[in-house]
Visitor: 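Structure in structure tokens, see below.
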Amino acid sequence: MFDLKGQTAGYDTENEALVIIDQTLLPAREVILSLTKKEEIFAAIKELKLRGAPCIGVSMAIALSVLSARDHENDKQSFYENFINNCSYLVSSRPTAVNLFWAADVMKKTFSENLSKSIPEIKAALKKRALEILDDDILRCRKIGEYGAELLKGKTSFLTHCNAGRLACIKYGTALAPIYVLKENGADVKVYADETRPLLQGARLTAYELAKAGIDTTVICDNMASYVLSHGLCEAVITGADRIAENGDTANKIGTSGLAVIAKHYNIPFYVAAPFSTVDFGTKTGNGIEIEMRDGDEISEMWYSERMTPKEAKALNPAFDVTDSSLITAFITERGVIAPEKLRDMKDR
Ligand code: MRU
């Protein structure tokens, strides 16, 4: 069995497979899945077996390489068409995280740059690029952790929403990376994790990975955030991002924008940690970000032995919301800490 070596996703190049931890089974069971077919990769993204914007991006790159490596087509035009069809099919799995589209574009560019080469050479180039994207994510998250730890030095109590940790990336995470680095540096850190209804990424995943790392973790229901922030229990809020528009408006897990409003009210800094691949300069403001709508059953049935709400009541289940850039104190990125109004200046750097 391929060894993920503590990473959330990996590329089994010997067997041409995308290897992931099934996040729907955590924290009860750590089950590793080896995915080779486009339908099972699509389902894994849609069903949140693999999730978190950076992890989705890296997995997309690996998936496109795996599917190309497994394609026995000898005609280059047909091989190219299969590749493009795989891109279109997989990006239709979830609409909000830009990393999925970003990774598809990077892989398409790699294909185009190697168009004059033989099919085996193109396959090798795609594999090399996918592995670079994987390694790159680890480095970017480490940098986010280091810049974040510098920014937050002296602070020890944090609140986070959803899971923007190791499980949402390959290693370290984004929002949780500074916390891991602070801990490494000897700080006695404490984290409040919003449970994050309806899919409980905070209660199940953030609590799982922080506890495993020996970090003092307290799970709260989402509606307790105002209590925690108003009682001085935490000094900063840090979340991840699924897509950041050019003006700094940020889409992240549903509930993030409410948290930012509360943080502003109580004068607690609100940071968004994300790699630059999450910034979408093609989207001017948050109004241009498509929000994924998910099945209402996730609210009314999923976690209950019997349906929890009356059948007559509908359920609205937007998976993300957009936080206005005016509520964000700063972005913590692999290029440093950036004020929302300065994001635009980073476009061509
Ligand atoms: O629906 P999910 O679990 O994929 O949503 C994840 C989030 O909203 C994360 O905060 C975001 O992707 C950033 S992960 C570093």
Side-chain angles (χ1 to χ4, degrees), residues 7-9 20-24 26 44-60 93-103 137-138 140-145 148 158-180 193-210 222 237-244 250-260 270-280 289-295 298-299 302 317-323 328 331-334:
Q7 298 180 182
T8 305
I20 60 160
I21 300 171
D22 183 346
Q23 298 195 36
T24 57
L26 291 173
I45 301 172
K46 181 131 195 111
E47 292 163 16
L48 275 54
K49 288 181 176 162
L50 74 93
R51 51 149 297 282
C55 179
I56 293 173
V58 172
S59 300
M60 175 68 170
S93 55
R94 293 190 81 189
T96 307
V98 75
N99 311 56
L100 183 64
F101 303 85
W102 170 85
D137 185 77
I138 298 172
R140 285 181 196 230
C141 287
R142 180 70 207 180
K143 279 255 163 240
I144 290 170
F158 305 97
L159 191 153
T160 190
H161 189 67
C162 192
N163 172 261
R166 169 177 86 82
L167 289 164
C169 304
I170 299 301
K171 215 174 167 180
Y172 307 117
T174 58
L176 299 190
I179 291 165
Y180 286 130
D194 272 357
E195 64 176 348
T196 317
R197 285 274 290 152
L199 293 175
L200 307 177
Q201 289 94 330
R204 296 187 301 109
L205 307 176
T206 295
Y208 170 77
E209 66 164 271
L210 288 177
D222 299 326
V237 179
I238 321 179
T239 73
D242 276 79
R243 191 185 292 240
I244 301 169
T250 297
N252 191 51
K253 180 53 54 194
I254 189 76
T256 304
S257 70
L259 194 55
F270 184 93
Y271 297 109
V272 171
F276 244 79
S277 49
T278 309
V279 184
D280 177 8
I289 301 176
E290 185 183 342
I291 300 295
E292 176 184 10
M293 296 301 285
R294 295 184 65 89
D295 200 324
E298 289 178 348
I299 295 174
M302 194 157 171
N317 190 10
F320 301 93
D321 59 22
V322 174
T323 299
I328 297 168
F331 292 100
I332 306 171
T333 78
E334 74 277 27

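Both counts, for ligands and for their atoms, begin at 1 and track the order of listing.
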Visitor: Under 3.5 Å, is there a donor-acceptor pair between the side chain of Arg204 and the main chain of Gln23?
Guide: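 Yes.
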Visitor: Tell me whether Glu334 is salt-bridged to Lys143, with the criterion being a basic N under 4.0 Å from an acidic carboxylate O.
Guide: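 Salt bridge flag = no for Lys143 with Glu334.
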Visitor: For Tyr172, which residues count as a side chain to side chain donor-acceptor pair (under 3.5 Å) partner, sequence neighbours excluded?
Guide: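 Checked Tyr172 against side chain to side chain donor-acceptor pair (under 3.5 Å); zero matches.
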Visitor: Using modelled atom types only, decide if a donor and an acceptor are shared between the side chain of Thr196 and the backbone of Ala203 within a distance under 3.5 Å.
Guide: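 No, Thr196 side chain to Ala203 backbone: no donor-acceptor pair under 3.5 Å.
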Visitor: Between the side chains of Tyr180 and Glu209, does any donor sit under 3.5 Å from an acceptor?
Guide: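 Indeed, the side chains of Tyr180 and Glu209 share at least one donor-acceptor pair under 3.5 Å.
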Visitor: Have a look at His161 and tell me which of Asn252, Thr206, Asp194 forms a side-chain hydrogen bond (donor to acceptor under 3.5 Å, both in side chains) with it.
Guide: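 With His161 as partner, side-chain hydrogen bond (donor to acceptor under 3.5 Å, both in side chains) holds for just one option, Asp194.
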Visitor: Which atom pairs, nitrogen or oxygen on both sides, join ligand 1 and the protein at under 3.5 angstrom?
Guide:
residue, atom, partner, partner atom, Å
ligand 1, 1 (O), Arg94, NH1, 3.4
ligand 1, 1 (O), Arg94, NH2, 2.7
ligand 1, 1 (O), Lys253, NZ, 2.8
ligand 1, 3 (O), Arg51, NE, 2.5
ligand 1, 3 (O), Arg51, NH2, 3.3
ligand 1, 3 (O), Gln201, NE2, 2.9
ligand 1, 4 (O), Gly52, N, 3.1
ligand 1, 4 (O), Arg94, NH1, 2.8
ligand 1, 8 (O), Asp242, OD1, 2.9
ligand 1, 8 (O), Asn252, OD1, 3.1
ligand 1, 8 (O), Lys253, N, 3.1
ligand 1, 10 (O), Asn252, OD1, 2.6
ligand 1, 12 (O), Ala53, N, 2.9
ligand 1, 12 (O), Asp242, OD1, 2.9
ligand 1, 12 (O), Asp242, OD2, 3.3

